[in-house]
Undergrad: 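Mind looking over this structure? Questions follow.
Side-chain atoms are counted along with the backbone in the values below, which use heavy atoms only and exclude waters and symmetry mates.
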Amino acid sequence: MGRKGRSVRNNKNVYTEPDEVVNAPHSFVIHKGLPGGSTLELTKDFRKVMEPFTASSLKERKKNTIKDFVAVAGVLHVSHLSIFSRTELGMYLKITRLPRGPTLTFKIHNFTLARDVVSSLRKQMVVEEAFKHSPLVILNSFSGEGLQMKMMASMFQNMFPTINLTNVDLNSIRRCVMLNYNPATKLIDFRHYNVKVAPVGISKGVKKVVQGKVPNLAKCDDIADYFSKTAVMSESEAEDDPTNHVTISQKMISRGNIESGNSAIRLSELGPRLTLQLMKIEDGLLDGEVLYHDLIHKSEVEILEIQKKREMKRKLKERLKKTQLDNMKAKEERKKEHKEKSLKGMKKETENEVQMKKHSKESNEETKIPDDDDRQYYKAEVGEDPDAGLFSSRPSGSKRPATSYHVKSKKPRLDRNQNKDPRRRDFKDKSRGKGRKGVDKTNSVNKDKRPIGGKMANRKKSR
């Protein structure tokens, strides 16, 4: 009977990821190189920026290589890999597109960790709900000419999900990443902010009531006094620039912001801060043709020579790979042939053994004479009947009774007193072993083979 159970194909409880999550760009953020220098803390802060489509709890080991992360990238829908590395010359950030590049290498001139940025603010605003949605990307001054400008702009934009302005939900925009390029210094300023929408045009007291806060009416006789004594504009709203005021086209979750009403956009920095400089652009995944280099400039002849060397290296690699595959196939064929030969040899041996057994059995049957009758055997060989007393009538296979026994002859034993040869083992001097009364205890032997003398001799005498 077949095994009963749920079918995965028909199971409605199987979790399937929505298309928005699958199509969104995912990322790995890792660190390499020399330890120390706050590389690990900076890596964790950058993972916080890339949430929610990143491996925030990724466990790295020293023995892990880039191939290990590339191998699992396709299963986890990972499209970008960010690597923070530290060398003797400084810190670098490499951003690559998986699985085949390109790779952008940035040098980190300055950086500030997120904890230092938040601790320096007078009013800290770190909301965990803001990290459930991807940030909004804002690029400034990336419209210059040159291959490197287009590559940087497309790389930064594709690291985060795209936003459709027609059906975007304003409540999901809680963070923003700002990248500012300075053409004079060729430096990029990286900033990360928290976005807050605050109502505009109402007093401070009204704002507290609207936001659900309990007002302090201890010094007021009436609630009208509380609203009348407060200023029309709040202190924080007075500091806002009118250019920050926008008209909201949707209903917001935060209190005080109504649809088609004026609100102010306020930013609170979350960190980290980075000052980057583009150093190199490679065509492949961390190894390929150099498309742009900020420090090294080569002529067309040198570029052609490099391309030729790279092409030769690629062809040599393909040739070696092909020979390796051919050797593996030949080895497998030799194994199969050896196995077939060994099986054929085993079959031949078994057939020969069967034939030999069959032949021996037939020969035994032809020359077989009953073993239980010796007379018949004698008659078949000699041609005459044996004499009457030649064979016994016992059945063959039984033991014959023993007619004689081999008895070991005993040599005549000499008297010990007559043994004069001192070289014999049993030679003993008569002078030895005499007692006090001059009786020889060693040579005198009674019937019980006990020495006579002492108390035993006295007992026998008394008897």
Side-chain angles (χ1 to χ4, degrees), residues 8-9 17 22-23 25-34 54-55 58-85 87 92-105 147 151 154-155 158-159 279-293 296-354:
V8 179
R9 185 182 299 176
E17 295 181 347
V22 174
N23 297 329
H26 294 66
S27 63
F28 279 153
V29 183
I30 60 175
H31 67 280
K32 293 286 183 182
L34 299 176
T54 187
L58 183 63
K59 302 297 181 183
E60 306 173 64
R61 295 180 181 178
K62 290 184 179 179
K63 63 181 181 181
N64 289 132
T65 59
I66 303 299
K67 290 183 180 180
D68 299 336
F69 297 101
V70 175
V72 299
V75 182
L76 302 175
H77 313 294
V78 177
S79 58
H80 291 80
L81 177 64
S82 302
I83 307 170
F84 285 92
S85 60
T87 63
Y92 295 88
L93 171 62
K94 292 185 178 182
I95 303 174
T96 179
R97 175 84 179 193
L98 298 178
R100 287 180 290 274
T103 304
L104 276 68
T105 304
L147 176 65
M151 294 286 288
S154 62
M155 182 65 74
N158 294 327
M159 287 177 67
M279 301 299 295
K280 184 172 62 173
I281 299 176
E282 295 174 282
D283 188 19
L285 180 64
L286 301 174
D287 184 18
E289 183 182 355
V290 179
L291 303 177
Y292 170 81
H293 205 290
I296 300 173
H297 301 280
K298 294 184 178 181
S299 61
E300 294 182 359
V301 178
E302 293 176 346
I303 292 171
L304 290 174
E305 290 180 357
I306 293 171
Q307 289 178 356
K308 287 180 181 179
K309 289 180 180 179
R310 193 175 295 278
E311 189 68 19
M312 290 174 63
K313 188 176 180 181
R314 185 183 63 80
K315 289 181 179 179
L316 179 62
K317 189 175 180 181
E318 291 179 354
R319 196 182 307 131
L320 292 173
K321 191 173 181 180
K322 186 178 179 181
T323 54
Q324 188 177 8
L325 292 173
D326 294 340
N327 293 334
M328 290 175 66
K329 289 180 180 178
K331 190 175 181 180
E332 289 178 358
E333 289 178 358
R334 287 197 298 269
K335 281 184 178 180
K336 288 181 180 178
E337 290 178 358
H338 180 70
K339 189 175 181 181
E340 289 176 358
K341 288 181 180 179
S342 60
L343 291 173
K344 287 181 181 179
M346 291 170 66
K347 288 180 181 178
K348 286 182 180 179
E349 288 179 359
T350 53
E351 290 175 359
N352 293 333
E353 289 177 358
V354 170

Undergrad: In Å and rounded to the nearest 0.5 Å, what is the NZ to CZ distance from K308 to R310?
TA: 15.0 Å
Undergrad: Could you please spell out the steps behind the side-chain contact (heavy atoms from CB on, under 4.5 Å) verdict for I83 and I66?
TA: CA-CA 10 Å; I83 307 170; I66 303 299; 3.8 Å; yes
Undergrad: State whether K336 and E340 are salt-bridged, where the test is any N-O pair (Lys NZ or Arg NE/NH1/NH2 against Asp/Glu carboxylate O) under 4.0 Å.
TA: no
Undergrad: Identify the two heavy atoms, one from E282 and one from G288, that lie closest to each other, and give their separation to 0.1 Å.
TA: OE2-N, 4.1 Å
Undergrad: Which heavy atom of F28 sits nearest a heavy atom of F69, and at what distance?
TA: CE1-O, 3.9 Å
Undergrad: Using every non-hydrogen atom in the two residues, find where T87 and L34 come nearest and quote the distance to one decimal.
TA: C-CD1, 3.9 Å
Undergrad: Which heavy atom of M155 sits nearest a heavy atom of L104, and at what distance?
TA: CE-CD1, 3.7 Å
Undergrad: Can you tell me if E302 has over 12 outside heavy atoms packed within less than 6.0 Å of its CD?
TA: yes
Undergrad: What's the spacing between K313 NZ and L316 CG if we round to 0.5 Å?
TA: 9.5 Å
Undergrad: Would a 4.5 Å heavy-atom cut-off, applied to side chains only, mark L291 and L147 as touching?
TA: yes
Undergrad: If you round to the nearest 0.5 Å, how far is CG of L343 from NZ of K341?
TA: 12.5 Å
Undergrad: So do the side chains of I30 and L81 get within less than 4.5 Å of each other, counting heavy atoms only?
TA: yes
Undergrad: Does E311 CD have over 12 foreign heavy atoms under 6.0 Å away?
TA: yes
Undergrad: Quick check: closest heavy atoms across S82 and M159, and the distance to 0.1 Å?
TA: OG-CE, 4.1 Å
Undergrad: Is the backbone N or O of Q307 less than 3.5 Å from a side-chain atom of E289, with the two atoms forming a donor-acceptor pair by type?
TA: no
Undergrad: Within the structure provided, determine whether K322 and E318 are in side-chain contact (heavy-atom separation under 4.5 Å).
TA: no
Undergrad: Any side-chain to backbone donor/acceptor pair from T103 onto T96? Under 3.5 Å, distance only.
TA: no
Undergrad: Using 0.5 Å steps for rounding, measure from the CG atom of L286 to the NZ atom of K67.
TA: 11.5 Å
Undergrad: Report the C-alpha separation of L285 and V70 in whole Å, then their side-chain angles, then the decisive distance to 0.1 Å, and conclude whether the side-chain contact (heavy atoms from CB on, under 4.5 Å) test is met.
TA: CA-CA 10 Å; L285 180 64; V70 175; 3.7 Å; yes
Undergrad: Going through the checks in order, is the side-chain contact (heavy atoms from CB on, under 4.5 Å) test met by V290 and K298?
TA: CA-CA 10 Å; V290 179; K298 294 184 178 181; over 6 Å; no
Undergrad: Could you go through the side-chain contact (heavy atoms from CB on, under 4.5 Å) check for H80 and N158 one step at a time?
TA: CA-CA 9 Å; H80 291 80; N158 294 327; 4.1 Å; yes
Undergrad: How are the rings of H77 and H26 set to each other: parallel, tilted or perpendicular (split at 30° and 60°)?
TA: tilted
Undergrad: If I compare all heavy atoms of S27 with all of T54, which pair ends up nearest, and what's the gap?
TA: O-OG1, 3.1 Å
